[in-house]
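Quick note: numbers below take in every heavy atom, side chains included, and nothing from hydrogens, waters or symmetry partners.
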Amino acid sequence: RAATVEEVEAATADAATSRSAADAARLRAAEAAADADAARAAARSATDKLAQLEGELDALRDALGDAAGGGDQAGMVRRLVERIGSLEAALAEAHAARRAAHNALVELRGNIRVCCRIRPGADSVVAPAPDGTSLVLRGAGAGGADAPFSFDKVFGPAASQATVFAEVSELVQSALDGYAVCLFSYGQTGAGKTHTMQGTPDADGAGVIPRAISKMLDAARRARVAGWEYTVEASYVEVYNEALRDLLAPDAAAGGGKLGDVNAVQHDSDGHTTVAGAARVPVETEADAAALVAAAAAARSTSATAMNDVSSRSHSVFMLRVTGANEAAGVSLRGALNLVDLAGSERLSRSLATGARAKETCAINKSLSALGDVFGALQSKAAHVPYRNSKLTHLLAPCLGGTGKTLMVVNVAPDAASAKETLCSLRFAATVNQVETKAKGGAKRAVTATTGASGAPAAAAAARKRAAPAPARR
């Protein structure tokens, strides 16, 4: 049948509307990219100023030490103390500027961000695009066409562990700034989630968890020059068959550590989470953290299936609690970094799981479905978000909702046999990528003023107290 004039005109109008919408979307993307570049430049400028002030402050403290031991040089000591006080006040301002620029950058990029990582493999049906943010799943669309997907970042099969961490490292700083942060990996079993999160023992192969801990501890050490003192405590729990287990319990490797309290998960008003009964272990060095990760890995529930010889049968959550205090500025804060390695979604027809393994599969898929329901409710801005439908979503509620910052790495397998699972994972990730937590009020920072705070004068007074030479002995 030949098209009528009206049909041709309607099709032409639709095409024009589509072109206008596409042009508008490209314009919004360009404006967002410009805003992100400006925020990135502001963050770099604040960081450079911070480094300069820290260097000058260290040099003056060294000079003060030399002058204090040089006899009758009270005038010089007094001038140096005053300069140190003003520098410490400027340093506090620079820290605040760096924090504001950093948070603006993170919010521009989205409080919930999604990256995709493609596992290496021959004859891949997943093809990353040169733009670094999109890919196609070959033959998965209607009529056998390619199915396109776009995310905040797409890592090809050759991407290194360092490259992946560089994309997520900004959120580690957010935890030190007093936010609740969650980094988690998602995907089918055998897609590389545990490799992404934990990696291998060598330095180049280290995953997100050891690199995040190292960055956090290094940043905490460097912040001391500005008067900040941080303490870090760790808990490590798993969600196995909808029950919580403490992986750092003394008998965890033998199957112990079960947390029977149905109300074990507790959230406070600042969006921070405590698991009653779970061990809280101080972390001062990278070696401390490595020992905890190794102990938890040995205790975690794993089994062999037809799809993976070492399949994780639980969701593991490494919870780092950060407490910071700056006595001179009169400020304290609490942050949290949750590093989550989810169990892989799987079909019983492929994993061939039976008995206890089949029960584990059902529990895994149920909790992942609950996670999808939460993101679906957030996307639609529903009045009720079903966090309590699963132990996993209840545990991570503050980060998944509007008070925290979340980044998900969806891991996909490249082989044609896994195309159905890969399509499901990519669709789920696309849904998450559309969630706007700012509609729920944005990320919330847990900062309080301590008694006696008085801004720059307090900083100068603290500097004088620390730097004043000891009185001469009579």
Side-chain angles (χ1 to χ4, degrees), residues 110-116 147 149-152 180-189 191 193 237-244 262-267 271 273 275 312-317 319 338-348 351 358-412 420-444:
N111 281 341
I112 289 187
R113 296 174 53 214
V114 179
C115 301
C116 178
F149 292 90
S150 295
F151 303 105
D152 293 290
V181 175
C182 180
L183 305 177
F184 70 97
S185 58
Y186 178 89
Q188 74 175 91
T189 186
K193 299 181 302 301
V237 299
E238 73 170 0
V239 180
Y240 175 72
N241 283 349
E242 280 301 298
L244 289 170
V262 294
N263 297 314
V265 177
Q266 301 165 2
H267 305 306
T273 302
V275 180
S312 300
R313 314 308 293 168
S314 67
H315 310 298
S316 71
V317 184
M319 307 171 69
N338 298 299
L339 302 165
V340 187
D341 182 14
L342 296 176
S345 59
E346 60 185 51
R347 287 182 292 159
L348 288 173
S351 67
K359 179 182 177 182
E360 293 166 351
T361 299
C362 291
I364 290 168
N365 290 341
K366 179 182 176 182
S367 59
L368 293 177
S369 177
L371 184 63
D373 292 341
V374 165
F375 281 122
L378 290 171
Q379 180 194 4
S380 64
K381 299 178 177 61
H384 171 68
V385 180
Y387 292 117
R388 288 183 175 269
N389 284 3
S390 165
K391 280 286 195 302
L392 175 68
T393 52
H394 186 204
L395 182 64
L396 301 179
C399 295
L400 301 179
T403 60
K405 300 182 180 184
T406 298
L407 185 143
M408 182 180 82
V409 180
V410 56
N411 295 262
V412 296
K420 288 185 178 180
E421 287 87 352
T422 296
L423 181 60
C424 290
S425 295
L426 292 173
R427 284 174 172 168
F428 176 79
T431 298
V432 175
N433 207 30
Q434 296 175 30
V435 174
E436 297 180 2
T437 59
K438 292 176 74 173
K440 295 281 185 180
K444 182 179 179 181

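- Side-chain contact check for S314 versus V239: every heavy-atom pair is 4.5 Å or farther apart.
- Between F428 and F375, the two ring planes are perpendicular [angle over 60°; tilted spans 30° to 60°].
- Residues satisfying the side-chain hydrogen bond (donor to acceptor under 3.5 Å, both in side chains) test with N338, not counting sequence neighbours, are none.
- With sequence neighbours excluded, the residues forming a side chain to side chain contact (heavy atoms under 4.5 Å, CB included) with R388 are H394, listed by chain and number.
- With sequence neighbours excluded, the residues satisfying side-chain hydrogen bond (donor to acceptor under 3.5 Å, both in side chains) with S367 are H315.
- Between Q188 and T422 there is a side-chain heavy-atom pair separated by less than 4.5 Å.
- Nearest heavy atoms, V412 versus S425: CG1-CB, 4.4 Å.
- No side-chain heavy atom of L244 sits under 4.5 Å from any side-chain heavy atom of E238.
- The side-chain heavy atoms of Y186 and N411, taken from C-beta on, include no pair separated by under 4.5 Å.
- For E242, the side-chain hydrogen bond (donor to acceptor under 3.5 Å, both in side chains) test picks out S390, with sequence neighbours left out.
- A429 pairs by the side chain to side chain contact (heavy atoms under 4.5 Å, CB included) definition with V114, F151, M408, V410, not counting sequence neighbours.
- Taking CG of D373 as the start and CG of L368 as the end, the distance is 11.0 Å to the nearest 0.5 Å.
- Between the OG1 atom in T406 and the CG atom in L378 there is a gap of 9.5 Å [rounded to 0.5 Å].
- In this structure, D152 and R113 approach most closely via the heavy-atom pair OD2-CA, 3.4 Å.
- Considering all non-hydrogen atoms of both residues, P386 and V374 come closest at O-CG2, 3.7 Å.
- Side chain of T393 to backbone of Y387: a donor-acceptor contact under 3.5 angstrom is found.
- Residues S316 and V340 fail the side-chain proximity criterion, which asks for heavy atoms closer than 4.5 Å.
- Between L371 and L342, some side-chain heavy-atom pair lies under the 4.5 Å cut-off.
- When side chains are defined from C-beta on, L407 does not count as touching F184, because their heavy atoms never get closer than 4.5 Å.
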Dump the intermediate steps for side-chain contact (heavy atoms from CB on, under 4.5 Å) on L395 and V237, then the final yes or no.
CA-CA 10 Å; L395 182 64; V237 299; 4.1 Å; yes
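- For the pair C399/V181, no side-chain contact is recorded, criterion being any heavy-atom separation below 4.5 Å from C-beta on.
- Taking CG of D341 as the reference point, atom CG of L183 lies at 12.0 Å (rounded to 0.5 Å).
- The distance from atom CE of M319 to atom CG of L396, rounded to the nearest 0.5 Å, is 8.0 Å.
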Check step by step if side-chain contact (heavy atoms from CB on, under 4.5 Å) holds for T273 and Q266.
CA-CA 6 Å; T273 302; Q266 301 165 2; over 6 Å; no
